[in-house]
Colleague: 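Below: one structure in structure tokens.
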Amino acid sequence: MKSLAVVNFAPEKGSVELREILRPEIGEEDVLLEVANVGVCGSDLHQWTADHSWPVNYPVVLGHEFGGHIVEIGRRVEKWKEGDRVVSETAAVINPSNPLSRQGLYNLDPSRKGFGYGVNGAMTRFVKVPARCLHTVPNNLPFEQACLTEPCSVAYNAVVVNSSIRPGDRVLVIGPGTIGILCAAMARLCGANVAILGLEGDKGRLEIAKKYGCEVIIGDASNWAYEQDGLGVDCVIDAAGVSATLKIALALVRPNGQITKVGWGPQPLNFSLDSLVQKNVRLQGSFSHNWPIWEKVLSLLSSGSLDVKPIIGGVWAISDWHQAFHEMHTGNVVKSVLKPF
Ligand SMILES: [Zn+2]
């Protein structure tokens with residue numbers, strides 16, 4: 001039995017097309033998921049436009065933000081059963097005896113391979129998933145929203161785990177993409193005063209960011225950053241897809257403040273980091289997420305404390321993947337969601 005899949009087949013720009021693939025065979029510790037919804041991620045777009053900075057196992061089915069029903073169970077899988085509603089984490093392959101994995105930080109295991117670049121992802125009807133990646137989706141949470149547990153977990157890790165934000169802090173988020181807006185929402189949940197910075201072309205997406213109770217700034221955030229006491233913001237979350245925004249972050253962060261970088265951009269920098277030293281600033285990277293973060297995020301989504309509906313720009317059939325990618329790439333929508341069948 002064959003299904004349509006969105007396949008990234010080569011490293012050249014634009015090397016994504018619909019192909020028919022066979023239903024995957026599962027191993028003893030896997031389940032087979034029938035995908036209900038899969039989100040399009042900035043990293044799927046980066047692979048499509050070939051400006052990514054991670055190794056890809058071509059050809060590969062794209063998609064790592066997904067949920068669905070279990071339709072088949074491996075022989076050694078215990079806790080789960082057919083029909084269960086689940087979402088899956090992204091670390092499809094890890095080395096369980098790596099010291100970081102043993103600490104629960106398998107997201108940082110150097111041998112980790114994720115869905116959508118290392119192994120086949122979920123932009124298709126069936127996907128093979130190790131049972132250790134699964135989380136139960138609460139019944140009141142539709143899959144269209146549940147498939148965004150992944151980007152919400154990226155934001156939770158960046159803002160809640162890798163930054164220390166207190167109620168009343170001033171937090172500037174750079175970049176109004178999905179991760180930026182979700183980071184702003186998380187910082188609001190932490191009790192911070194939040195502004196999100198974008199460019200003229202980001203107006204539509206910034207309008208959506210307003211729904212999360214943050215101020216929106218186009219172009220220059222200096223006024224907002226220095227407004228309170230002239231020293232800058234407590235924390236900058238850099239969620240832009242270029243490295244150069246670190247310069248803005250360094251200029252606007254207050255002495256002894258922190259910068260958390262969660263946006264990727266392979267271009268090298270060409271400016272001095274001396275202000276990092278002089279201001280005694282902490283620069284922190286944030287990558288991916290792990291099991292406890294997923295459980296917290298599902299709880300936030302289920303209780304309604306975190307509402308992802310405003311960022312969902314539309315749901316497209318898998319045959320319309322190109323339009324879904326394009327709408328997101330041009331910034332017309334914050335997040336595109338696909339429905340595989
Ligand atoms: Zn993602």
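Just so you know, ligand 1 is whichever comes first in the structure, and atom 1 is the first atom listed for that ligand. Just so it is clear, the values below take in all heavy atoms, side chains as well, and ignore hydrogens, waters and symmetry mates. On a predicted model such as this, the values are computed, not experimentally measured, just so you know. Along the sequence shown, residues are numbered consecutively beginning with 1.
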Colleague: Going by the rule side chain to side chain contact (heavy atoms under 4.5 Å, CB included), which residues pair with Glu20 if we only count those two or more places apart in sequence or in a different chain?
Modeller: Lys2, Leu4
Colleague: Distance-only, no hydrogens or angles: does the Lys261 side chain make a donor-acceptor pair with backbone N or O of Gly263 under 3.5 Å?
Modeller: yes
Colleague: Take the Zn ion (ligand 1) and tell me which protein N, O or S atoms are nearer than 2.8 Å.
Modeller: Cys41 SG, His64 NE2, Glu65 OE2, Glu150 OE1
Colleague: Check for me, please, whether Phe287 and Trp294 land in the same ILVMFWY cluster - side-chain distances under 4.5 Å, paths through other members count.
Modeller: no
Colleague: Decide if the gap between the ring center of Tyr106 and the ring center of His289 is smaller than 6.0 angstrom.
Modeller: no
Colleague: Any cation-pi pair here, Arg188 with Tyr212, using under 6.0 Å and within 45°?
Modeller: no
Colleague: His326 vs His322 aromatic rings, parallel, tilted or perpendicular, using cut-offs 30° and 60°?
Modeller: parallel
